[in-house]
A.B. asks: 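Got a structure for you, written out below as structure tokens; questions coming shortly.
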2 protein chains.
Amino acid sequence: MNKTKLTLKDVAEQLGVSTATISNAFNRPDQLSKTKREEILAQCKKIGYSGPNKAAQILRKGTSNIVALVLADSISYMVSDPVASTFIKGVSSTLQENGKHLLLYAGDSDSILDVVDFVDGFICYGQPRNSNLVSELAVSPKPVVTVDFDIEDKPSINIDNEEAAYRVASHALNEGDNVAIFGLRLIDSPSTCRIYDNPLIDVDSSIAHRRLDGYLRAATEKSISVSNERIWHLPESDRHFARQAAKEVLTSSPRPNVVLCMSDIIALELLHLALEMGIKVPEELKITGFDGIEEAERTRPRLTTVCQSSSEKGVEATKALLNQVTAKSTLPFELQVGDTV
Amino acid sequence: MNKTKLTLKDVAEQLGVSTATISNAFNRPDQLSKTKREEILAQCKKIGYSGPNKAAQILRKGTSNIVALVLADSISYMVSDPVASTFIKGVSSTLQENGKHLLLYAGDSDSILDVVDFVDGFICYGQPRNSNLVSELAVSPKPVVTVDFDIEDKPSINIDNEEAAYRVASHALNEGDNVAIFGLRLIDSPSTCRIYDNPLIDVDSSIAHRRLDGYLRAATEKSISVSNERIWHLPESDRHFARQAAKEVLTSSPRPNVVLCMSDIIALELLHLALEMGIKVPEELKITGFDGIEEAERTRPRLTTVCQSSSEKGVEATKALLNQVTAKSTLPFELQVGDTV
DNA sequence: CTGTTAGCGCATTCAC
DNA sequence: GTGAATGCGCTAACAG
């Protein structure tokens, strides 16, 4: 048992060969004979040398096999969100297949600078809460792939949110409907509220605004107008925020007969509260969701929603990063008709 | 705009000071005057130098601020499990507070050797599916903290699983009861089944066997015997596995009037199926869970279970790692009486 | 308080 | 196929 950790140099001395030979045995099999290589590896194993030091390799090679997944929010929040965790699944399984490691990075961190030097690239899932990260990613020397939002000149994975929202809303709406919308992060407020005349945030870049565009396009086509006091802002796709909005909307008068929700989580919360209150769905209240999470499939009545495959997004984003793809790509979505419309 | 990335040496030259001064300005404020330091930092900012290269620091200092969280299973599975994701929350928030980064590591990986050189330590949550990892962690030169299982001589965070199981079972059981148990990973099988005479796995180290001990102690005290055909094995705490076990147990004859479940997820699935089948809970069927997840609090009737704070486990494990604690510690649990017993 | 120097452990030239 | 030399970018020790 050696007390101090073996280095490549130690091993080379012990085996009576040069350091390059040991290095090649581990990294470049073509540089030496098969028998010699295997002999060396066997010897190394015997003396307890498990290969070149990774920290040194990172410096020397400039690659670490570590990919940073930058989340929109704190890790705490994202990891319990079913949509985000499904995305993480897709990323992690693809990384694992390719021998890469996953570093989880919070979107409310100050900066990516303290990892940019040693990670091989970034997957950025949703617009980070700290917009500083976006600027840093934009000029990062390491590859970046964004998902559910865009950075100029960087590859991205998206669905057509406007069209998806339009499709589900078109399915739900009829002329004369009284419509409310549960939106996500539309204005700059930490709590659930109607948007009224508050300034909208990230109108150009946020998917929430694309979805809103789609909803409103469908409404307009049916000659329905939706005023700003019928549009709720929820800071997160979270059932607690949703519950409050649901209470407000279901006790408002006149009560809307359609509520378009920007996520399944908030749609389900509304659905539950409506049923508790004895409101008939869809006869008295129609509800649409967004995402297509598993819980929505299990719930009765089944939620009408737009399915996007979050895990596939994760897979595609990871592949795009690993293969140095530079194009932006748009994934398909699917209208899923349930019982709530 | 410099095309090639600036190094500390470049900067030192440009500013006309030595490399050590630049290094000290960033790393050891006490080594130079405040004014000089601030002047240097300002200059660096101006020329676009954001600090010493982290990859080089990792090699030089031997620390990276990266902590690996080794999960029991694939990341895919763990990230959607509410108990695990709550644990991850605790870990990630504590790491973030301390400026550390989180590397997620799958328990079905081949080896920890490809990260051991550059991470600062390991938190191991549950016994990794690949037992090889346990051997490697046992001799790791980097600090290790285990949670929900033990490695000799390494600090750990646990609850008293035997006692917790005993307590909830004692609450549920009455003399003459017909008892079934839904256990986790009791035998080596990838599918739901009764354990019969199959060889039990990890009897000494697994928390599932401690819980089983507790259940059986409570049963024995009430003069109840539980045969091996009344004990189910589920490979994971997953609703799909649970559904199958639930079907089996609810259609078995004589049907048990108490089912002790080793997780809330599987208890809830059993509860749902029982209600679908028109079985009255708790009159005809009593159910206990384990963990105390949020969904169990929301569900009606409320599940009787044992609450353990997974997020606190995460916090404590992280603190133990960062503070180099060496003692094993046991966290409290709490019996949560609901409506299902 | 500041500058010089010697590695951290390795991979890659380039000669042989 | 192999071995010696250079430096990846930095920090800690030391000398001034």
Side-chain angles (χ1 to χ4, degrees), chain A residues 2 4-41 43-44 47-65 113-120 141-142, chain B residues 2 4-41 43-44 47-65 113-120 141-142:
Chain A
N2 292 298
T4 125
K5 177 115 181 153
L6 288 173
T7 73
L8 188 148
K9 201 168 132 199
D10 299 334
V11 174
E13 262 174 37
Q14 282 197 34
L15 301 198
V17 295
S18 92
T19 59
T21 307
I22 307 289
S23 175
N24 286 333
F26 280 96
N27 300 317
R28 304 178 14 175
D30 51 313
Q31 295 295 90
L32 72 177
S33 70
K34 190 163 181 175
T35 53
K36 182 123 198 171
R37 175 175 133 87
E38 286 176 353
E39 188 191 316
I40 288 180
L41 293 183
Q43 296 275 342
C44 286
I47 63 178
Y49 179 71
S50 49
N53 181 294
K54 304 300 175 195
Q57 284 189 318
I58 295 175
L59 177 58
R60 179 63 234 242
K61 294 188 169 180
T63 64
S64 61
N65 287 332
L113 292 179
D114 42 314
V115 300
V116 70
D117 289 331
F118 64 78
V119 303
D120 290 350
K142 300 292 175 73
Chain B
N2 292 299
T4 125
K5 178 117 180 147
L6 287 173
T7 73
L8 187 147
K9 204 167 131 199
D10 299 334
V11 174
E13 262 174 36
Q14 282 196 36
L15 301 197
V17 296
S18 91
T19 59
T21 307
I22 307 289
S23 176
N24 286 334
F26 281 95
N27 301 317
R28 305 177 16 175
D30 52 312
Q31 296 295 89
L32 72 177
S33 70
K34 192 164 181 174
T35 54
K36 180 122 198 172
R37 175 176 134 89
E38 285 175 355
E39 188 192 317
I40 287 180
L41 293 183
Q43 295 276 341
C44 287
I47 64 178
Y49 180 71
S50 50
N53 181 294
K54 303 300 175 196
Q57 284 188 319
I58 295 175
L59 177 59
R60 181 62 235 237
K61 293 188 169 180
T63 64
S64 61
N65 287 332
L113 292 179
D114 42 312
V115 299
V116 70
D117 289 331
F118 65 79
V119 303
D120 290 349
K142 300 292 175 71

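Order of the sequence lines fixes the chain letters, A, B, ..., with proteins taken first and strands second; residue numbering starts at 1 for each chain. Computation of the quantities below employed the complete heavy-atom set of this structure, encompassing side-chain atoms and omitting hydrogens, waters and symmetry-equivalent molecules. Everything numeric here is computed off the predicted structure, so don't read it as measured data.
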A.B. asks: Between C/dA11, D/dG9, C/dT4, which one does the side chain of B/Thr19 approach most closely?
C.D. replies: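 The nucleotide sitting nearest to the side chain is C/dT4.
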A.B. asks: Determine whether B/Val115 and A/Lys54 make a side-chain contact, defined as any pair of heavy atoms from C-beta on separated by less than 4.5 Å.
C.D. replies: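 No, every pair of side-chain atoms sits at 4.5 Å or beyond.
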A.B. asks: Are B/Ile40 and B/Leu32 side-chain neighbours, meaning at least one heavy-atom pair lies under 4.5 Å?
C.D. replies: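 Answer yes - side chains close enough.
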A.B. asks: Can you tell me how far C1' of C/dC8 sits from CG of A/Asn53, to the nearest Å?
C.D. replies: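 To the nearest whole Å, that distance equals 9 Å.
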A.B. asks: Please state how far atom CG in B/Leu59 lies from atom C1' in D/dG7, giving the value in whole angstrom units.
C.D. replies: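 Rounded to whole Å, this separation is 12 Å.
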A.B. asks: Can you check whether A/Tyr49 has a side-chain N or O nearer than 4.0 Å to OP1 or OP2 of C/dC10?
C.D. replies: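 Answer yes for this pair, as a side-chain N or O of A/Tyr49 is under 4.0 Å from OP1 or OP2.
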A.B. asks: Quickly work out the A/Asp117 CG to D/dG9 C1' distance and round it to whole Å.
C.D. replies: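 Nearest whole value for this atom pair: 10 Å.
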A.B. asks: Please give, in whole Å, the distance from D/dG9 P to B/Asp10 CG?
C.D. replies: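 It is 9 Å, rounded to the nearest whole Å.
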A.B. asks: If I take atom CZ in residue A/Arg60 and atom P in nucleotide D/dG7, what distance separates them, rounded to the nearest angstrom?
C.D. replies: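 Those two atoms, CZ and P, are 11 Å apart.
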A.B. asks: Can you confirm whether A/Gln57 sits close enough to B/Asp117 that some side-chain heavy atom of one is under 4.5 Å from a side-chain heavy atom of the other?
C.D. replies: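 No. Closest side-chain heavy atoms not under 4.5 Å.
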A.B. asks: Does some side-chain heavy atom of A/Val17 sit less than 4.5 Å from a side-chain heavy atom of A/Lys36?
C.D. replies: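 Answer yes - side chains close enough.
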A.B. asks: Could you please name the option among C/dC10, D/dC10, D/dG9 that lies closest to any side-chain atom of B/Pro52?
C.D. replies: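 Of C/dC10, D/dC10, D/dG9, D/dC10 is nearest to the side chain of B/Pro52.
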A.B. asks: Answer yes if the side chains of B/Thr7 and B/Asp10 hold a donor-acceptor pair under 3.5 Å, and no otherwise.
C.D. replies: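 Checked: B/Thr7/B/Asp10 side chains pair up, N/O donor to acceptor below 3.5 Å.
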A.B. asks: Please list each protein N or O that sits under 3.5 Å from an N or O in nucleotides 1-3 of chain C, with the distance.
C.D. replies:
residue, atom, partner, partner atom, Å
C/dG3, OP2, B/Ser18, N, 3.1
C/dG3, OP2, B/Thr21, OG1, 3.0

A.B. asks: Just compare C/dA11, D/dC8, D/dC10 and give me whichever is closest to any side-chain atom of A/Asn27.
C.D. replies: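 Of the candidates, C/dA11 comes closest.
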A.B. asks: State whether A/Arg28 places a side-chain N or O below 4.0 Å from either non-bridging phosphate oxygen (OP1 or OP2) of C/dT12.
C.D. replies: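 For C/dT12, OP1 or OP2 has a side-chain N or O of A/Arg28 closer than 4.0 Å.
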A.B. asks: Quickly work out the B/Phe118 CZ to C/dC8 C1' distance and round it to whole Å.
C.D. replies: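 One finds 17 Å between C1' of C/dC8 and CZ of B/Phe118, rounded.
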A.B. asks: Are B/Asp120 and B/Lys61 within salt-bridge range, i.e. N to O under 4.0 Å?
C.D. replies: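 Judged by the 4.0 Å cut-off on N to carboxylate O distance, B/Asp120 and B/Lys61 do not form a salt bridge.
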A.B. asks: Between atom CD1 in A/Ile58 and atom P in C/dC8, what is the gap in whole Å?
C.D. replies: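 After rounding, the reported distance stands at 18 Å.
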A.B. asks: For the residue pair B/Ser18 and B/Ala12, what are the closest heavy atoms and their distance?
C.D. replies: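 In terms of heavy atoms, the two residues are closest at C-CB, 3.8 Å.
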A.B. asks: Rounded off to whole Å, could you give me the CD1-to-P distance for the A/Ile22 and D/dG3 pair?
C.D. replies: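 For the pair A/Ile22 CD1 and D/dG3 P, the rounded distance is 9 Å.
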A.B. asks: OP1 or OP2 of C/dA11 versus the side-chain N and O atoms of A/Ser23: is any pair under 4.0 Å?
C.D. replies: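 Checking A/Ser23 against C/dA11: at least one side-chain N or O falls below 4.0 Å of OP1 or OP2.
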A.B. asks: Under 4.0 Å: is that the gap between some side-chain N or O of A/Gln57 and OP1 or OP2 of C/dA11?
C.D. replies: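 Result: yes.
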